[in-house]
**Q** 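Mind looking over this structure? Questions follow.
Order of appearance sets the numbers: ligands from 1, and atoms from 1 within every ligand.
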Amino acid sequence: MAARLATEVTVTAWRRGLYPDNAAYAASGEQGARAFLDAIEAMGIDAVARRFREACRRLPYRRSATSGLLERRRRVLPRSPLFYSRPVHLVRGEGVWLFDPDDRRYLDCYNNVPVVGHSHPRVVQAVAQQQGLLATHSRYLHEAIVELAERLQATLPPELDAVMVVNSGSEANDLAWRIARAATGRDGAVVTACAYHGLTEATHALSPEEWAKGEQPPYVATIPAPDGYRGPYRREEDRWVQRYAAHIDDAARGLGDRGFAAIYLDPAFTADGILWPPSTYLREAARRALALGGLVVADEVQAGHGRSGTHLWSFQASGIAPDMVVMGKPMGNGFPVAALVVRSELLAAVPEEVELFSTFGGNPVACAAALAVLAVIEDEGLVANAAKVGSYLRQGLLTLAERHPLIGDVRGEGLLLGVELVDEARGPAAGNARKVTEAMRERGILLSATGPAGNVLKIRPPLVFQHEHADLLLQALDEVLASS
Ligand code: PMP
């Protein structure tokens with residue numbers, strides 16, 4: 001900095017000589033630079049460096065101590081889950097990297113929320129500027145929520161014409177459930193056997209992944225997820241996809257007098273083990289739901305925002321026309337914002353006097369974040385990047401599968417990939433999956449495991465992931481599998 005300031009003083013002196021008639025303008029920066037240089041000289045350059053370093057340390061939680069933090073957390077947040085037997089303590093993120101208080105870096109192969117990369121400057125700036133200008137609720141006119149709704153609508157089939165901006169995927173799915181019941185006059189839902197759609201009372205009921213033993217709400221019927229590797233119908237079989245979809249009929253009929261209001265589908269079947277069935281599955285499921293009079297909710301919370309590598313919304317690859325689309329997690333790159341987009345005639349079934357409003361839903365800051373995310377995805381070509389790097393990574397994983405018998409199956413689209421770990425009898429190797437994720441963490445690579453048996457490694461990095469990052473992941477996984 002001192003060199004930069006000295007240069008400024010020198011350049012100004014030189015310019016003054018060149019343009020004597022315009023000396024005041026030519027020297028306009030000189031006074032400030034000299035004052036700054038004098039201050040540095042007076043304080044001593046080492047002391048200045050120390051003050052800058054101190055200022056950096058004062059950034060929020062930047063130098064937070066790890067010791068004792070876990071115990072403090074467990075005391076006050078007893079039901080808040082943590083990854084890893086040695087939890088990772090993070091204070092900073094940048095792109096695909098996360099940093100602990102000692103500046104050790106971790107490659108983020110797991111988090112879909114920072115879809116455009118951790119702390120993307122455009123999103124950070126959009127949020128900070130809007131927060132500094134106005135942060136109210138949506139009962140006043142403001143352009144951001146309108147612009148966001150218009151932008152979202154433009155990315156979807158035209159009949160999905162009504163947008164509601166909320167704060168979480170759970171809230172959006174919960175609202176979808178209310179609308180489905182109002183619009184159909186029915187009370188029953190169909191979901192896949194290990195689906196996850198949220199935390200609220202209504203969406204927990206739609207989330208078998210999180211049901212307690214024996215828990216199954218009477219108004220929810222489950223169908224087997226389209227797992228062509230482990231489920232009842234296998235990829236090698238003819239029409240296996242259609243056979244899975246055919247279960248919708250029995251499930252819907254099983255709802256009895258309650259009737260079939262809606263089926264919720266995550267097109268990637270993430271919680272069911274990252275299944276990504278061929279698009280015929282969604283087409284067949286939607287066709288059957290329509291014939292049964294039930295609505296289709298496409299839950300894009302996991303698979304959306306370009307992760308599939310072909311479209312912004314993953315259902316679009318199948319050409320189906322869902323009745324409602326739910327988006328969330330990545331929508332604000334970490335700022336809480338989610339949305340539900342529905343056909344307006346469905347919304348009309350909710351009586352006018354019922355106000356659909358949430359205090360923080362669609363606030364200007366959330367909308368600024370969501371708009372910035374959409375802009376970055378487009379400007380940085382992140383859908384195409386998900387396809388390109390995703391397919392490279394998938395190839396690499398398939399190569400590892402040839403060497404490591406622990407890998408039974410590799411599947412996925414774009415940058416949402418699953419690696420199913422199996423024992424000698426092809427049974428699910430959940431214990432190994434846990435060991436692998438722990439060993440990867442020790443090597444500075446973050447991923448997780450999912451699926452009904454917890455034996456599917458879940459690879460779901462920010463969409464700015466590059467080939468070099470894929471190589472780091474592949475190399476570490478190769479080593480870890482070799483020693484498993
Ligand atoms: N739907 C799906 C498919 C999800 O994965 C999640 C969150 N993991 C949700 C809904 C719920 O979203 P949130 O946690 O934002 O409430």
**Q** Identify whether the distance between the nearest side-chain nitrogen and carboxylate oxygen of Asp379 and Arg122 falls below 4.0 Å.
**A** yes
**Q** Does Gly198, backbone or side chain, put an N or O under 3.5 Å from an N or O of ligand 1?
**A** no
**Q** Assess Arg92 against Phe99: is NZ or CZ under 6.0 Å from the centre of the six-membered ring, and within 45 degrees of the ring's axis?
**A** yes
**Q** If you have a sec, work out which protein heavy atom is nearest atom 7 (C) of ligand 1 and how many Å separate them, to one decimal?
**A** Tyr196 CE2, 3.6 Å
**Q** Using a 4.0 Å cutoff against the non-hydrogen atoms of Asp299, which atoms of ligand 1 qualify?
**A** 1 (N), 2 (C), 3 (C), 10 (C)
**Q** Within ligand 1, which atoms have a heavy atom of His197 less than 4.0 Å away?
**A** 1 (N), 10 (C)
**Q** Looking only at protein heavy atoms, which one is nearest to atom 15 (O) of ligand 1, and how far off is it?
**A** Gly169 N, 2.9 Å
**Q** For atom 4 (C) of ligand 1, grab the closest protein heavy atom and report residue, atom and distance to one decimal in Å.
**A** Val301 CG1, 3.6 Å
**Q** Which residue owns the protein heavy atom closest to atom 16 (O) of ligand 1, what's the atom, and how far is it?
**A** Ser170 OG, 2.4 Å
**Q** Sub-3.5 Å donor-acceptor pair from the side chain of Arg234 to the main-chain atoms of Gly231, do we have one?
**A** yes
**Q** Nearest protein heavy atom to atom 8 (N) of ligand 1, by residue and atom, and its distance?
**A** Lys329 NZ, 3.3 Å
**Q** Tell me if a side-chain donor or acceptor on Ser207 pairs with a main-chain N or O of Glu210 at a distance below 3.5 Å.
**A** no
**Q** Is it true that Arg434 and Glu438 make a salt bridge, defined as a side-chain N closer than 4.0 Å to a carboxylate O?
**A** no
**Q** Does any N or O of ligand 1 fall below 3.5 Å from an N or O anywhere on Gln302, backbone included?
**A** yes
**Q** Output yes when Arg394 and Glu413 qualify as a salt bridge under the 4.0 Å nitrogen-oxygen rule, no when they do not.
**A** no
**Q** Relative to ligand 1, is Glu171 under 4.0 angstrom through side chain, backbone, both or neither, heavy atoms considered?
**A** neither
**Q** Number the atoms of ligand 1 from 1 as they appear, then name those within less than 4.0 Å of a heavy atom of Ser168, with their elements.
**A** 15 (O), 16 (O)
**Q** Would you call Arg307 and Glu300 a salt bridge, taking side-chain N to carboxylate O under 4.0 Å as the test?
**A** no
**Q** Would you mind checking if Arg411 and Glu420 are paired as a salt bridge, meaning a charged N to carboxylate O distance below 4.0 Å?
**A** yes
**Q** Contact between Asn173 and ligand 1, counting heavy atoms under 4.0 Å?
**A** yes
